[in-house]
Trainee: 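Input: one structure, supplied below.
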Amino acid sequence: MERVLVIGAFGQLGSELTDELRKLYGEQNVIASDLTVAKAQAERGPFEQLDVLDRERLGQIVEKHKITQIYNLAAILSSIGESKPGIAWNVNMNGLVNVLELAREKNLNKIYWPSSIAVFGPDTPKVMTPQETVMNPTTMYGVNKLAGEKLCQYYFQKFGVDVRSVRYPGLVGYKAMPGGGTTDYAVDIYFKAKQGEEFNCFLDKGTVLPMMYMEDAIRGTIQLMESPAEQVKIRTSYNLAGMSFAPEEIGESIQKIIPDFKMVYKPDHRQAIAESWPDSIDDQFARAHWNWAPKFDLDAMTKDILEHI
Ligand code: NAD
């Protein structure tokens with residue numbers, strides 16, 4: 001029987017992924033953990049307060065709950081990472097090292113750790129960015145993710161730790177708010193549209209980025225983690241694609257349902273980060289190795305979100 005620990009479980013991704021993992025493995029077999037735990041989250045299933053940098057407590061929780069798999073989602077994201085690079089390095093790198101070391105010591109079955117399209121940089125080919133290409137990230141977050149990918153591959157090759165990863169594009173969901181990334185606008189825009197308010201976009205017109213609906217991201221993550229180990233041939237991190245759009249395109253998609261929706265553009269420091277990232281991603285290896293295929297395009301995502309919020 002699998003016993004799963006989710007670290008950083010109450011963030012944008014973790015909130016939804018934890019619920020899905022509980023459906024798969026049973027509520028009592030998935031332990032949520034984060035720096036702080038709100039009452040509503042604590043009521044959804046077992047949890048532990050945990051700072052991923054606290055190696056001793058991490059080890060105690062793994063022992064106490066007889067954990068067999070860890071999903072390490074604890075991270076400082078791209079935008080916040082630029083204002084707090086030292087903290088980003090510490091959490092993003094030392095947190096991962098703690099989890100990988102524990103996996104090695106305790107012989108855990110599997111580890112999941114997400115990477116990001118932030119591993120790419122301004123000199124990476126922008127359209128249909130290949131799996132293997134020039135990678136010179138210009139953000140602290142991107143540097144962390146690239147180093148993290150290499151670290152995962154090292155622990156797999158050297159110690160046989162079964163660690164798996166995907167490079168998420170910007171994730172768009174409506175159940176939990178985003179945590180300080182460069183693609184957060186694509187979540188806020190739906191709430192403003194629904195409230196009948198004008199949306200002030202922090203990215204400029206024409207800034208195309210790879211994005212993915214949360215439902216696809218979660219399905220893909222679980223699909224990767226449930227695949228037989230021999231199908232997981234890439235042990236850095238898999239390119240994963242959903243859709244690509246610029247701010248005005250998401251605006252137009254919303255206007256098909258809310259015709260009087262209006263947006264204005266006031267690019268800030270996040271514009272430079274966005275411009276250093278790809279427009280679209282070639283995910284042929286995820287498709288070939290473990291049958292990945294996204295289900296949502298932009299209009300399907302817009303319809304689903306506006307129906308639910
Ligand atoms: P988030 O910021 O919403 O959530 C991260 C969670 O980690 C938060 O709940 C936070 O409290 C927790 N955390 C921070 N420091 C911690 C620490 N020291 N110990 C324990 N927990 C800590 O981020 P998210 O969007 O849910 O991202 C989850 C993962 O997916 C991250 O690795 C992120 O880099 C990756 N990712 C996200 C996106 C996206 O668009 N959201 C895109 C690419 C990759």
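When a ligand or atom number is given, it counts from 1 through the structure's own listing order.
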Trainee: Given Glu27 and Arg44, is the salt bridge (Lys or Arg N to Asp or Glu O under 4.0 Å) satisfied, shown in steps?
Mentor: CA-CA 8 Å; Glu27 188 186 296; Arg44 295 170 85 99; over 6 Å; no
Trainee: What do you reckon, does Ser115 put a non-hydrogen atom under 4.0 Å from ligand 1?
Mentor: yes
Trainee: Going by the order shown, which atoms of ligand 1 are within less than 4.0 Å of some heavy atom of Val52?
Mentor: 17 (C), 18 (N), 19 (N), 20 (C)
Trainee: Any donor-acceptor pair under 3.5 Å linking the side chain of Glu249 with the backbone of Ala246?
Mentor: yes
Trainee: Indicate yes or no: does an N/O atom of Ser116 lie under 3.5 Å from an N/O atom of ligand 1?
Mentor: no
Trainee: Is a salt bridge present between Asp299 and Lys256, judged by a nitrogen-to-oxygen distance below 4.0 Å?
Mentor: yes
Trainee: Between Ser33 and ligand 1, which part of the residue brings a heavy atom under 4.0 Å of the ligand: side chain, backbone, both or neither?
Mentor: neither
Trainee: Measure up the His289 and Tyr238 rings against each other and bin them: parallel (under 30°), tilted (30 to 60°), perpendicular (over 60°).
Mentor: perpendicular
Trainee: Contact between Pro169 and ligand 1, counting heavy atoms under 4.0 Å?
Mentor: yes
Trainee: Which protein heavy atom lies closest to atom 8 (C) of ligand 1, and at what distance to 0.1 Å?
Mentor: Asp34 OD2, 3.6 Å
Trainee: Is ligand 1 under 4.0 Å from a heavy atom in the side chain of Arg167, in the backbone, in both, or in neither?
Mentor: neither
Trainee: Find out whether the Lys NZ or Arg CZ of Arg235 is both under 6.0 angstrom from the six-membered ring centre of Phe156 and within 45° of the ring's axis.
Mentor: yes
Trainee: Heavy-atom pairs closer than 4.0 Å: do any link ligand 1 to the side chain of Tyr141, the backbone, both, or neither?
Mentor: side chain
Trainee: Can you tell me the protein heavy atom closest to atom 32 (O) of ligand 1 and the distance?
Mentor: Lys145 NZ, 2.9 Å
Trainee: Within ligand 1, which atoms have a heavy atom of Gly170 less than 4.0 Å away?
Mentor: 40 (O)
Trainee: Between Pro178 and ligand 1, is there a nitrogen or oxygen pair with a distance under 3.5 Å?
Mentor: no
Trainee: Looking only at protein heavy atoms, identify the closest one to atom 2 (O) of ligand 1 and say how far it is in Å.
Mentor: Gly179 CA, 3.5 Å
Trainee: Given Thr68, which partner from the list Glu2, Lys106, Lys110, Arg3 fulfils the side chain to side chain donor-acceptor pair (under 3.5 Å) test?
Mentor: Glu2
Trainee: Counting from 1, what ligand 1 atoms have a heavy atom of Ala75 closer than 4.0 Å?
Mentor: 7 (O), 14 (C), 31 (C), 32 (O), 34 (O)
Trainee: Ignoring hydrogens and angles, tell me if any N or O in the side chain of Ser165 forms a donor-acceptor pair with the backbone of Trp113 under 3.5 Å.
Mentor: yes
Trainee: Between Ser78 and Thr182 (side chain of the first, backbone of the second, donor and acceptor by atom type, cut-off under 3.5 Å), is there such a pair?
Mentor: yes
Trainee: At what distance is the nearest protein heavy atom to atom 28 (C) of ligand 1, and which residue and atom is it?
Mentor: Leu73 O, 3.5 Å
Trainee: Do Thr221 and Tyr71 pair up side chain to side chain, a donor and an acceptor below 3.5 Å, judged on atom types alone?
Mentor: no
Trainee: So, are Glu197 and Lys262 salt-bridged, with charged N and O less than 4.0 Å apart?
Mentor: no
Trainee: Nearest to atom 6 (C) of ligand 1 by heavy atom, Gly8, Ala9, Pro114: which?
Mentor: Gly8
Trainee: Any donor and acceptor pair, going by atom type alone, linking the side chain of Lys126 with main-chain N or O of Glu275 inside 3.5 Å?
Mentor: yes
Trainee: Spell out, as yes or no, whether a donor-acceptor pair under 3.5 Å connects the side chain of Ser115 to the backbone of Arg167.
Mentor: no
Trainee: Specify side chain, backbone, both or neither for Thr36, according to which of its non-hydrogen atoms lie closer than 4.0 Å to ligand 1.
Mentor: neither
Trainee: Using a strict 4.0 Å threshold on nitrogen-to-oxygen distance, state whether Glu215 and Arg219 make a salt bridge.
Mentor: no
Trainee: Measure the distance from atom 4 (O) of ligand 1 to every protein heavy atom, then report the residue, atom name and distance (to 0.1 Å) of the closest one.
Mentor: Gly11 CA, 3.3 Å
Trainee: With distance as the sole criterion, is a donor-acceptor pair present between the side chains of Ser33 and Glu48 under 3.5 Å?
Mentor: no
Trainee: Below 4.0 angstrom from a heavy atom of Leu171, which ligand 1 atoms are there? Numbered from 1 as shown, please.
Mentor: 38 (C), 39 (C), 40 (O), 41 (N)
Trainee: Going by the side chain to side chain donor-acceptor pair (under 3.5 Å) test, name the single residue among Gln271, Arg270, Lys266 that passes it with Asp268.
Mentor: Arg270
Trainee: State if Gly181 counts as touching ligand 1 under the rule of any non-hydrogen atom under 4.0 Å.
Mentor: no
Trainee: Identify the closest protein heavy atom to atom 18 (N) of ligand 1: which residue and atom is it, and at what distance?
Mentor: Asp51 OD1, 2.9 Å
Trainee: Nearest protein heavy-atom contact for atom 20 (C) of ligand 1: which residue, which atom, what distance?
Mentor: Leu50 O, 3.3 Å
Trainee: Examine Leu13 against ligand 1 and note whether any of their N/O atoms are separated by less than 3.5 Å.
Mentor: yes
Trainee: Considering both backbone and side-chain atoms of Leu77, is one of its nitrogen or oxygen atoms within less than 3.5 Å of a nitrogen or oxygen in ligand 1?
Mentor: no
Trainee: Of all the non-hydrogen atoms in the protein, which one sits nearest to atom 22 (C) of ligand 1, and at what distance?
Mentor: Ala74 CB, 3.5 Å
Trainee: Could you check which of Gln41, Gln12, Met177 puts a non-hydrogen atom nearest to atom 3 (O) of ligand 1?
Mentor: Gln12
